[in-house]
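Everything below concerns the one structure shown next.
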Amino acid sequence: MRRILRDNGVGLGFGALFLLTLAGQAFAGQAQYNDQQAAYGAEPVTVLQYVTSSTFAVDVVENWQSEYLQFFLYIFLTVWLVQRGSAESKDIEKVGPESDQDQKTGAFARDDSPAWARRQDWRGALFSRSLGIVMGTIFVLSWLAQSVAGWAAYNSEQLGNREDPVTWLAYLGEPDFWNRTLQNWQSEMLAVGSMAVLAVYLRQRGSPESKPVGAAHADTGETG
């Protein structure tokens with residue numbers, strides 16, 4: 001058990017933090033929502049009622065979709081874009097998808113390589129892009145979930161204000177939807193870009209997201 005915990009520490013640690021912060025968001029969101037209900041003279045809701053509401057759903061998934069957009073873009077764009085001296089970038093000379101020999105695919109696959117890495121048909125092509133495809137798919141699904149949850153929450157507010165509800169397609173053109181979406185996207189783009197650039201000049205001893213402390217600023221793609 002101790003070895004399992006050690007070998008899967010990142011996944012388990014961040015999984016636990018995710019659940020704790022999600023629970024915290026649920027209770028904090030319920031308190032804020034009930035404050036608004038009291039201001040309008042409406043009945044407060046329980047935690048269960050709040051976490052099954054469109055209000056809670058849209059607050060959760062609007063952050064999920066922006067995070068997975070960040071990963072999707074970073075995975076694909078860093079095939080072609082590099083940052084000299086950054087641990088977040090691959091070597092300058094390796095721009096592009098690289099050769100089969102570099103990637104250990106097809107005839108250059110090792111004995112312990114995944115089975116589909118040895119294939120030179122559609123399976124090999126799919127597996128070689130599977131991480132970006134899955135991240136992109138999760139982003140699209142999260143974005144759709146955000147649009148539906150946001151649409152429901154928006155129409156609830158419309159009805160509360162005695163205004164006509166809108167269709168889902170009409171909601172996609174509303175400032176409310178794009179304000180929620182773009183405020184998350186811009187923060188993710190800033191975070192990724194600043195991480196790549198700051199990693200050129202700054203260090204974090206022992207972190208795989210940083211170069212070794214003594215590495216030259218110009219060393220690219222080196223982690224430690």
Side-chain angles (χ1 to χ4, degrees), residues 7-15 17-18 22 58 60-150 172 177-178 180-200 204 207-211 219-224:
D7 291 352
N8 299 280
V10 173
L12 292 173
F14 276 93
L17 288 172
F18 163 71
L22 185 64
V58 71
V60 171
V61 295
E62 74 180 17
N63 289 291
W64 290 5
Q65 58 90 10
S66 64
E67 295 294 339
Y68 281 102
L69 173 64
Q70 172 197 144
F71 286 124
F72 168 70
L73 291 177
Y74 192 74
I75 289 166
F76 271 106
L77 292 181
T78 51
V79 174
W80 301 100
L81 302 181
V82 294
Q83 181 68 47
R84 182 179 293 278
S86 178
E88 296 295 310
S89 169
K90 61 181 179 178
D91 290 339
I92 303 296
E93 296 76 16
K94 293 186 177 181
V95 170
E98 303 177 24
S99 66
D100 287 349
Q101 185 174 4
D102 289 334
Q103 289 292 308
K104 300 178 178 63
T105 60
F108 298 97
R110 305 182 310 194
D111 291 339
D112 60 350
S113 296
W116 279 26
R118 301 188 183 93
R119 304 289 184 177
Q120 294 183 301
D121 53 14
W122 66 269
R123 287 168 291 187
L126 178 63
F127 183 71
S128 67
R129 296 165 178 82
S130 56
L131 180 59
I133 291 172
V134 169
M135 289 295 183
T137 300
I138 296 175
F139 158 65
V140 171
L141 293 176
S142 299
W143 184 83
L144 288 173
Q146 177 205 340
S147 70
V148 172
L172 295 184
F177 174 71
W178 288 106
R180 287 179 175 274
T181 299
L182 294 174
Q183 69 177 310
N184 286 284
W185 287 6
Q186 56 86 13
S187 64
E188 300 301 338
M189 301 307 107
L190 175 64
V192 173
S194 60
M195 178 64 180
V197 174
L198 290 175
V200 176
Q204 184 64 47
S207 174
E209 298 303 312
S210 167
K211 294 185 288 190
D219 288 351
T220 307
E222 185 178 0
T223 61

Centroid separation F76 to F72 less than 6.0 Å: yes

Between CD on residue Q146 and OG1 on residue T181, distance to nearest 0.5 Å: 4.0 Å

Validation row: E88, V192 side chains within 4.5 angstrom (heavy atoms): no

Distance (rounded to the nearest 0.5 Å) between M195 CE and L190 CG: 13.0 Å

Minimal non-hydrogen separation, L172 against W178, with atom names: O-NE1, 2.6 Å

Polar side-chain atom of K104 near backbone of S113 as donor-acceptor pair, under 3.5 Å: no

Nearest-0.5 Å distance, CD of residue Q103 to CZ of residue F108: 12.5 Å

Residue pair D91 / T220, side-chain donor-acceptor N/O under 3.5 Å: no

Which atom of S210 lies closest to which atom of A87, heavy atoms considered: C-CB, 3.9 Å

Any donor-acceptor N/O pair, Q186 side chain to Q183 backbone, under 3.5 Å: yes

Show me the donor-acceptor pairs, under 3.5 Å and distance only, between side chains in residues 135-143 and residues at least two apart or in other chains.
| residue | atom | partner | partner atom | Å |
| --- | --- | --- | --- | --- |
| T137 | OG1 | I133 | O | 2.8 |
| S142 | OG | I138 | O | 2.8 |

Those residues that, when tested against E98, pass salt bridge (charged side-chain N to carboxylate O under 4.0 Å, His left out) (two or more places apart): K90

Closest approach of N63 to S66 (non-hydrogen atoms, all atoms of both residues): O-OG, 2.9 Å

Flag side-chain contact, heavy atom, 4.5 Å: D100 against Q120: yes

Heavy-atom neighbours of F177 CZ exceed 12 at 6.0 Å: yes

Salt bridge present between D121 and R119 (N-O < 4.0 angstrom): no

Throw together a table of side-chain donor-acceptor distances under 3.5 angstrom for residues 77-84, partners on residues two or more places apart or in other chains.
| residue | atom | partner | partner atom | Å |
| --- | --- | --- | --- | --- |
| T78 | OG1 | Y74 | O | 2.4 |
| T78 | OG1 | I75 | O | 3.4 |

Taking every non-hydrogen atom, the tightest pair across S128 and A125: OG-O, 2.8 Å

side-chain contact (heavy atoms from CB on, under 4.5 Å) assessment of R180 paired with V58: CA-CA 9 Å; R180 287 179 175 274; V58 71; 3.8 Å; yes

Check: R118 and T105 side chains under 4.5 Å, non-hydrogen atoms: no

For the student: nearest non-hydrogen atoms of A199 and K211, plus distance: O-CE, 3.5 Å

Enclosure of W64 CH2 (heavy-atom neighbours >12, cutoff 6.0 Å): no

Closest heavy-atom pair and its distance - A109, A117: CB-O, 4.4 Å

